[in-house]
Every structure is written in structure tokens, then in C-alpha cells.
Amino acid sequence: MTLKFYNSITKKKELFKPLVEGRVSMYVCGPTVYDHPHIGHAKSYVSFDVIVRYLRYLGYKVRYVQNITDVGHLTDNADAGDDKILARARRERLEPAELVEIYTRSYFEDMDALNNLRPDISPRATAHIPEQIELVEKLIEKGYAYVSNGSVYFEVSKFREYGKLSGRKQEELEAGARIEINPEKRNPHDFALWKRAEPAHIMRWKSPWGEGFPGWHLECSAMSTKYLGEAIDIHGGGLENMFPHHECEIAQSEAATDMTFVRYWIHNNMVTVNGQKMGKSLGNFVTLKDAFKKYHPLTIRFFILSSHYRSPLDFSNEALDAADKGLERMFNTVKRLRQQTDETKNGDSPQNVYEKIGQYKKAFLAAMDEDINTSGAIAVLFDLSKEVNALLDSGKGISKKCLEDINALYQELGGDILGIVPKRKDVKAELEIKWSILESDSGEGDSNMLKDVMQVLIDTRSELRKTKQFQMADFIRNKLTEIGIALDDKPDATAWKKIK
RNA sequence: GGCGGCAUCGCCAAGUGGACUAAGGCCACGGUUUGCAAAACCGUUACCCUGGGUUCGAAUCCCAGUGCCGCCUCCA
């Protein structure tokens, strides 16, 4: 195994070696479910999905935990005001639990559409209050935390290594720079483990310190420990969470266990929209539901994977359009391949084809091994497609077995690992209805009547072409194009598809 | 103010010391194919922000500059 990850805490690419051979424990910070997921979520979770898929492909038994934060972080600063879930629930006149349920479902819906595999465990923060309280108690016992007026704070100065992930030194953290001084804290950088609930605060739980709610870094420490143990292999999340969130997680967990919390920290970069940072508070975020109206979810997945997970990604129509076309090109090849597989009876299985398959596979895996270079891996898939198209064009009789093996390679690399090449469905039906697998509104919507009418038109046009009445033939084709149907004349038949 | 990142063809985007005379996608142009198209295939398009330096050798390392961005407040 030569898989390497860029480890944020060492700032180096490192050979990946899990704690327990053959097993990987992986925790990724999940969404706060107070709104529909946006394209930033897509980038993050597609990136980690591919990491999980690849680890599994390499034979690791992965336990992938991704939390659902259903108790809000605060709206503007760390110490005052409503949390986002409460604010939103109030606005929509819903119970917080109701609100959270709606957006949790929305989240999974969109992640499913993007072809992300579900995490093995999706623990809810509110379902783990006892574990969180227990962790706070432990930190108080060990002298890392103190109670102040019904709240509990972590005393940062007690944890020497605070700052080791983000590179921030405690002395450099400017006191009160953008945080209001909170008189309950001994030091402005101390962070809340448990907050006292004001009377109006609905989401509240009983605790040894009175009624309150957990601080915003606590759930990840508590739940990752519960499901993955005190030391885990991989912790993933967005770059913006490096500080303070992950830094605080390290402090809490390591102070409690005296162990190294995480071996590999993996951070993915952010999405910008037309060059501008996209942020929930900036209000310029694009929800996935909106994006899906314009682009197929697989186009968005492909677009995300066409750059590196540690690079920022700019979401623009031009870039998405380009991705859409690129993906369609790849799909066309796969489709041709599958179609020809069905039609082939017998032929050769040339040795050099198998040699090439081996080379492409090797190049693909080499790219993935280098810190999940999906961009490079996709390039290999395009090289392969060029080769396959040439092979299909060549007219040489290739055996069914050989074509099936090429398809299997697409399925393995583009499907199992990257999740962009759909599984082979009923290709026959697929071809009749739409030749682009990209089309989302699948053929089920097409009535038999439409198919019959199309067949009549195509047959009529074929007759015209046979008798060289090209003007009429072109007239039919042009008229169909105008109403959004494209014709494709092939040597033996004519196919049609709906276009945008 | 502190910490960190990025700058590669018209656009997107890999590559981070030697087979780079720099991958791949989009776009454009030329060709093959086609009745004409579409699709496909072939070909053409970059000295890697600027200026120094290290090295036998740099897009890749170091220094300076310019520009852009992120984090330091919740955010994937």
C-alpha cells in the first residue's frame, strides 16, 4: 500500500498506516441541520466519500462516522444570543426537533443524489448528551475545566499543546480581538464545554451544573470516542473548522484521555461562488436543491472531483457547463461500449488491449494514492475513453468478453471509487429512451406513444434518406431539434435523445 | 494586527527538483469520417505572476515584490 495523505497537523504528505492493520476509523464533521445543504456541503462530503470508497477499495474495513449537529451553534458570537436552530425554528414556527428532522432528511436526500455512500453511523448530538456531560465531568476532575455561574469552560492555558493544529500560539491569540470579553471566563480564549440555559432557551438538558446545553466542540469529541475509540485514524472536516473547532476538539479529547486523538487530519478547501467566499452568514450560498435544477447531481460530483479536495473550488456556470460536457463525453463512450457489448457475438480478445487496461488502472491508482488526486485519476479515465473510442471505431471484432472487461474497468474505477459512472442498468431500455445517461428525467416519463411516434418519424426519414430526399430528411431533423430532440444517424440505425 | 494558502494555455485544472520539448476537460481552428450533421478520431495552441538566488539541473527549493483568497465569530 502506498496511499499518502496530506496531514494537516504535520503539514506533510504521509504514508497512510492505520492504527489497527486492515481497519480504519474515520470521523468527519457533519452538517448543522438548520437549513438545506449547499454546494459547500457537496464538496466536503463528496471528497470524504471518495476517500472512504478508496480506502474500502484498497481492502480496509472502514467505519465512517459523520455526526448530525442538531443542537445549534450560536448565531453571531460564541457567548451570547440564540443558536441557529432555535432562531430558525422560531421563524418557521416549528419545534426544534421538527425543524432538525426536516433538514436532516433534506441533507440525506441531497447526499444520496450526489451518490455519496451513507456513513456507517450518523450520530445526533442531542442523542449523546449523557456522553458529553460525562466528558465535561472528566475534564473538571482532571483540572482542565472550571465551573462558572452554571457554565463550564475549558481552561486553555492548562493544555500546553493548544494551537498545535492551527499553528496558533496562545500568546498570539489577541484577547478580545473579535470576541466580547466574557466575565465568566478566566481567560478570553477559554471555550465553553457547557452553557447555562437562559429561561427563553428551549433546547435544554439537566446537568450537574444546572439546566443547559453542550458547547459546540464537545459533541465531536464525545461521539467519536464513543463509536471509534479514544484514538482514531482519520478526522476530516472543512478547512474553516481547523480553528477553533478542531483545535478545541484536540484539547478536550487529549486532555481527557492523554492520548493522541487523531492520527491523520484531513481538511478540504472551500467553495467560492463566482470568486467570492460562500458563507451561510453571507447569504450567498447556493443550495444543492437549486443547483440540481440546472445540473445533474453527477455533473456536480464530477465537477467537484475534477479539482483536488485541498484546492478551493469556484462554482460558476461556465465551469459547470464545461464539466457537464466533459462528463457527457465520458458517458457517451461508456454507453457506446455497453451497447456494443450487447450487440457483439464473437471476436478477438487482443492481448494489447489487456495490457493497456492494466496500464490505465495502474496510472489511475497511482493518482489516487497521491493524496487522492481525483483530477489526475479523471484524466486517466479520459485517456482510456479516447482509446476505447478508437477501438470501437476501428471496426475490429472485439470479443464480448473483452468489451465486458473494459466496462468492468470503468465500473471499478469510475464507479466504485469515484462514484461518477453509474452501474449498468438495462442498457437496451436506456438506449431507446435516452442515449445520454446524463439525463435525469428518466425514460419512465416517456410514454409509449412518444416512443412510437418517434419510431414513425425515424422510419419515415430513413426512407427519405434512402431515396436521397435529403431536404425533407433534414427538415424533419431540424424541426425535431427545435423542439428539443436530437437525432443521431448511425450506420445501421438512428437514435434520438432529448436535449436541454 | 496575527496565522495560513494560492498565482500553470482563452477558461477550468493536474504536476511541487531531472524522461516537463508541462496531464486531462471546456472553447477555438484545421483534417478524417458523414448525403449534410451529430458523435468519434487525428492535429494545432503555455517556457509555468515579477525580480533575484541555490543547484549540473527549478513550474517545482530559498529571498524579495505584486496580486488574490482563507482563518482569527457560526459556517463544509
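Every chain is numbered from 1 and lettered A, B, ... according to where its sequence line falls, protein lines coming before strand lines.
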Among B/C41, B/A14, B/C36, the one nearest A/S311 by side-chain distance: B/A14

Residue met sooner reading RNA chain B from 5', once A/E387 and A/A323 are mapped to nucleotides: A/A323

Does any donor-acceptor pair link the side chain of A/K325 with the base of B/C26 at a separation under 3.5 Å? no

N/O donor-acceptor pair, side chain A/D489 with base B/C36, under 3.5 angstrom: yes

In Watson-Crick or G-U wobble terms, both distances under 3.5 Å, what is the partner of B/A76? none

Which base, if any, makes a Watson-Crick or G-U wobble pair with B/G67, both distances under 3.5 Å? B/C6

Please give the nucleotide sitting opposite B/U44 as a Watson-Crick or G-U wobble pair, both distances under 3.5 Å, or none. B/A28

For B/G18 versus B/G65, give the span between their P atoms, rounded off to a whole number of Å. 29 Å

P-based separation of B/U66 from B/G15 [nearest Å]: 28 Å

What's the gap between B/C36 and B/U44 when it is taken at their P atoms, as a whole Å value? 26 Å

Should the pair A/R186-A/E155 be classified as a salt bridge under the 4.0 Å nitrogen-to-oxygen rule? yes

Charged N to carboxylate O under 4.0 angstrom, A/E14 versus A/K4? no

Could you tell me how far B/A28 sits from B/A38 if I compare only their P atoms? Round to whole Å. 11 Å

Which listed nucleotide (B/A13, B/C74, B/C75) is nearest to the side chain of A/K84? B/C74

Between A/E328 and A/K325, does at least one N-O distance fall below 4.0 Å, as a salt bridge requires? no

May A/F382 be described as stacking on the base of B/G24, applying a 5.5 Å centroid limit and a 30° limit on plane angle? no

Report yes if a donor N or O on one partner sits less than 3.5 Å from an acceptor N or O on the other, where the partners are the side chain of A/N269 and the base of B/G70; otherwise report no. no

Suppose you measure atom C1' in B/G17 against the same atom in B/C56; what distance do you get, rounded to whole Å? 12 Å

Donor-acceptor pair (no angle test) under 3.5 Å: A/R477 side chain, B/A38 base: no

Using Watson-Crick or G-U wobble geometry with both distances below 3.5 Å, tell me the partner of B/C61, or none. B/G53

I'd like to know if A/R465 and A/E463 make a salt bridge, using a cut-off of under 4.0 Å between side-chain N and carboxylate O. no

In plain terms, say whether A/D474 and A/R477 are close enough for a salt bridge, that is, a side-chain N and a carboxylate O under 4.0 Å apart. yes

